[in-house]
2 protein chains.
Amino acid sequence: MRFEAVTIKDIAKALGLSTSTVSRALRDSYEISPETKKLVLQYAESINYHPNPIALSLKERRSRSIGVIVAEIANSFFSQTIDGIESVANSNGYNVIISQSRESNDKELVNLNYLTSRSIDGLIVSVSAETKDFSSFKELFDRGMPIVFFDRIVNDIDTHKVIVDNYKGAYDAVTHLIGNGYTSIAAVSGSELLSISKDRLEGYKAALQENGLAVNDDMIKFCPNGGRVLEEVGQAVTELLALPTKPDAILSLSDKLTTGCLRILKSQQISVPGQMGLIGFSNSDLTELIEPPLSIIKQPALEMGEIATNQLLQLIESKRPVTEFETTVLEPQLVIRQSSAKKHI
Amino acid sequence: MRFEAVTIKDIAKALGLSTSTVSRALRDSYEISPETKKLVLQYAESINYHPNPIALSLKERRSRSIGVIVAEIANSFFSQTIDGIESVANSNGYNVIISQSRESNDKELVNLNYLTSRSIDGLIVSVSAETKDFSSFKELFDRGMPIVFFDRIVNDIDTHKVIVDNYKGAYDAVTHLIGNGYTSIAAVSGSELLSISKDRLEGYKAALQENGLAVNDDMIKFCPNGGRVLEEVGQAVTELLALPTKPDAILSLSDKLTTGCLRILKSQQISVPGQMGLIGFSNSDLTELIEPPLSIIKQPALEMGEIATNQLLQLIESKRPVTEFETTVLEPQLVIRQSSAKKHI
DNA sequence: TTGTAAGCGTTATCAA
DNA sequence: TTGATAACGCTTACAA
């Protein structure tokens with residue numbers, strides 16, 4: 001089963017012209033007579049001619065498609081980002097090829113190979129939770145492939161990056177908790193390897209210290225799978241509850257962790273915020289319907305996708321090698337609801 | 001900025017062979033000496049050669065990519081489906097180009113043109129809420145483009161389709177409500193034009209009638225945007241509450257409508273299920289955390305995506321024209337929680 | 001067993 | 001103003 005398209009040759013034959021003349025007419029070249037142009041354009045229209053992008057790609061040595069690698073599509077933050085990527089890409093005549101690492105470094109590499117072997121013009125990446133070794137990205141980048149990182153960035157590679165102020169997001173959230181009377185605040189983080197985990201934890205620690213609260217490493221738990229596996233969240237929370245001085249609030253550092261923590265707390269009959277305050281990074285639009293309505297730190301995901309794509313297109317379309325790179329830092333949004341309500345003492 | 005890849009020509013030149021010999025060695029042709037083959041393969045490996053898929057596409061007149069059109073990526077059901085589509089496509093060497101109609105017929109047509117002009121080999125579609133005229137799809141299909149529909153299907157086009165038993169999903173949900181003592185059950189539906197709306201409403205009506213309850217058209221409200229616009233849900237619910245005999249339960253017929261109804265009910269201080277029972281189609285994994293935990297009808301989204309893709313690939317790769325088409329009907333899953341709890345009388 | 005040449009659809013260059 | 005030709009990277013008759 002195959003879809004047969006009309007080619008320039010068909011038009012040339014039908015009109016008794018050469019393919020080059022037809023091509024010129026279609027591209028509105030100056031070296032063409034108005035009549036011929038009109039004739040060709042009309043006929044092309046009538047038989048629904050569309051230039052073959054594959055042939056164009058081969059000729060121009062560019063595919064007009066960009067690759068995207070994220071951990072998971074079915075995740076509010078990433079699907080919102082993809083939304084932004086897609087709209088900017090499409091309106092610039094690019095298409096988007098999406099792939100998921102599912103937090104696995106292996107799958108990420110497979111995807112990377114796949115995408116590059118599919119002749120993409122550039123790449124937008126948020127790295128997997130498992131990735132320690134960024135040399136494949138680095139090599140590719142050094143060989144001339146434009147890459148933009150967002151959210152989970154790679155500090156060692158000097159290119160455009162788009163993030164929120166993760167430090168501030170966590171800092172503000174913890175400050176808010178302290179302001180509401182919480183004094184023993186734990187952090188449930190994703191993979192230690194991720195840039196976002198590091199930055200957010202820094203913010204968490206700084207807020208504690210600036211408020212005269214001690215930073216206790218036992219109060220920081222890592223979930224290498226970022227909450228994709230509920231068990232790891234269960235273990236983290238259970239360990240926190242077994243501490244000599246139990247925390248009275250949890251800051252969770254990513255989407256699935258936030259809802260994961262709540263799931264675990266609920267299953268253990270621990271009331272939120274009564275027995276445990278909770279605030280976390282999340283981009284789900286259902287958090288306000290949850291019981292209790294969740295306080296969240298939200299990222300401007302759509303905008304991040306748009307910016308990343310604009311920057312990538314700029315790299316792709318730049319005539320000369322780009323050497324000056326930018327890291328765009330956006331503001332996270334703190335949305336205060338019930339789950340971090342003032343503590344009753 | 002451009003990424004330069006190694007070509008067969010480079011290998012041929014380096015090894016003093018012709019491009020055809022190199023090509024044969026790489027494709028493991030029988031008409032080649034073992035030594036030459038080994039030599040070429042080794043060298044290709046060493047310089048990290050990858051065949052240029054664009055050139056291959058041009059030669060083979062196929063792009064090994066499939067297009068997907070859905071209403072919205074950032075929607076649990078669709079992102080889960082895309083998950084399934086992507087995994088099957090990728091493991092068969094295809095890539096996936098995704099586009100969103102955002103429930104607009106215009107944008108759907110733009111996407112359709114865009115995708116076909118990008119030489120895709122086939123198309124997976126769930127139509128927009130606005131689409132009444134399917135002639136573009138029909139034409140494309142008749143001109144030989146393999147298309148598979150899922151969820152929101154087009155009855156007039158005879159091709160593979162993948163759906164759940166929407167009738168049964170709604171029927172079972174209403175039967176459950178009736179069993180729990182609800183006697184005045186309203187339906188909040190998406191666009192009237194969608195196949196899923198029709199089928200689900202049929203199931204709703206049948207369940208009422210079989211239980212001796214009257215079907216009242218005032219009890220059926222349509223939201224043309226499928227809940228993407230909260231106001232339309234607000235209006236639907238408000239109208240229902242203004243009826244002489246108010247409903248005591250709502251069946252909502254799609255993802256965003258279900259959470260939308262809850263949002264509206266909450267904002268109007270109407271307790272669920274106390275004053276109003278609620279059950280609806282949804283694929284969000286947060287529904288159990290919501291207050292009250294939502295009873296839902298869930299679709300096997302991942303599986304639907306996988307099946308649709310397998311069927312599409314079958315169409316694409318079929319040597320002769322396919323004339324026998326299949327509509328796969330999967331079972332929806334009824335998940336009973338608090339929001340439809342037994343009514344206190 | 002290897003090489004030559006044509007062709008996939010398009011555009012750029014050169015010649016007419 | 002138009003046409004012939006080569007080229008993009010690859011495969012495949014056909015020729016050697």
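All chains are named by letter (A, B, ...) in the order of the sequence lines, taking the proteins before the strands, and each is independently numbered beginning at 1.
Across all strands shown, B/T36 has heavy atoms under 4.0 Å from sugar-phosphate atoms exclusively, and none from any base. Within the 4.0 angstrom heavy-atom criterion, no nucleotide atom of any strand lies near A/I54. Across all strands shown, B/S33 has heavy atoms under 4.0 Å from sugar-phosphate atoms exclusively, and none from any base.
Checking A/D106 against A/S104 by side-chain atom types alone, no donor-acceptor pair falls below 3.5 Å.
Counting only heavy atoms from C-beta on, B/L58 has its side chain closest to C/dC8 among C/dC8, D/dG3, D/dT12. Of the candidates D/dT11, D/dG9, C/dT10, the closest approach to any side-chain atom of A/R61 belongs to D/dG9. Proximity note for B/R24 (side chain, C-beta onward) versus D/dA13, D/dG3, D/dC10: the nearest is D/dA13. Distance from the side chain of B/A55 is smallest for D/dC10 among the nucleotides C/dG3, D/dT2, D/dC10. In the set D/dT12, C/dT11, D/dG3, the nucleotide with an atom closest to the side chain of A/S20 is D/dG3.
A distance of 8.0 Å separates CE in B/M145 from CG in B/L112, rounded to the nearest 0.5 Å. Between atom CD1 of residue B/I196 and atom CG of residue B/D151 there is a gap of 4.5 Å, rounded to the nearest 0.5 Å. In this structure, A/L302 CG and A/I82 CD1 are separated by 11.5 Å, a value rounded to the nearest 0.5 Å.
Axis angle between the ends of the helix from C/dT1-D/dA16 to C/dA16-D/dT1, five pairs each and rounded to 10 degrees, works out to 60°.
Heavy atoms of other residues, nucleotides or ligands lying less than 6.0 angstrom from CD of A/E45 number 12 at most.
In terms of position on DNA chain D, the residue among A/V22 and B/K59 whose nearest nucleotide sits closer to the 5' end is A/V22. DNA chain C is contacted by both A/Y49 and A/E31; A/Y49 maps to the nucleotide lying nearer its 5′ end (nearest heavy atom per residue).
When rounded to the nearest whole Å, the span between CG of B/L56 and P of C/dG9 equals 15 Å. Rounded to an integer number of Å, the gap from A/L26 CG to C/dT10 C1' is 11 Å. Rounded to whole angstrom, the span from the NZ atom of A/K13 across to the P atom of C/dT10 amounts to 13 Å. C/dG3 atom P lies 13 Å from atom CD1 of B/I8, rounded to whole Å. In this structure, B/R62 atom CZ and C/dG9 atom P are separated by 15 Å, rounded to whole Å. Protein atom CZ of A/R27 is 9 Å distant from nucleotide atom C1' of C/dT10, rounded to whole Å. Spacing between atom CG of B/N52 and atom P of D/dA7 amounts to 18 Å, rounded to whole angstrom units. Remark: C1' of D/dG3 and CD1 of A/I32 are 11 Å apart, rounded to the nearest angstrom.
Ring planes of A/F149 and A/F137: perpendicular class, angle over 60° (limits at 30 and 60°). Relative ring orientation between A/F325 and A/H160 is described as perpendicular, the plane-to-plane angle rising above 60° on a 0-90° scale split at 30° and 60°.
With respect to B/E130 and B/K107, no salt bridge is recorded, no charged nitrogen being found less than 4.0 Å from a carboxylate O.
Between B/T21 and C/dG3 there is a side-chain polar atom (N or O) within less than 4.0 angstrom of OP1 or OP2. Here A/K9 does not reach the OP1 or OP2 of C/dT10: none of its side-chain N or O atoms lies under 4.0 Å away. Distances shorter than 4.0 Å separate none of the side-chain N or O atoms of A/S18 from OP1 or OP2 on D/dT2.
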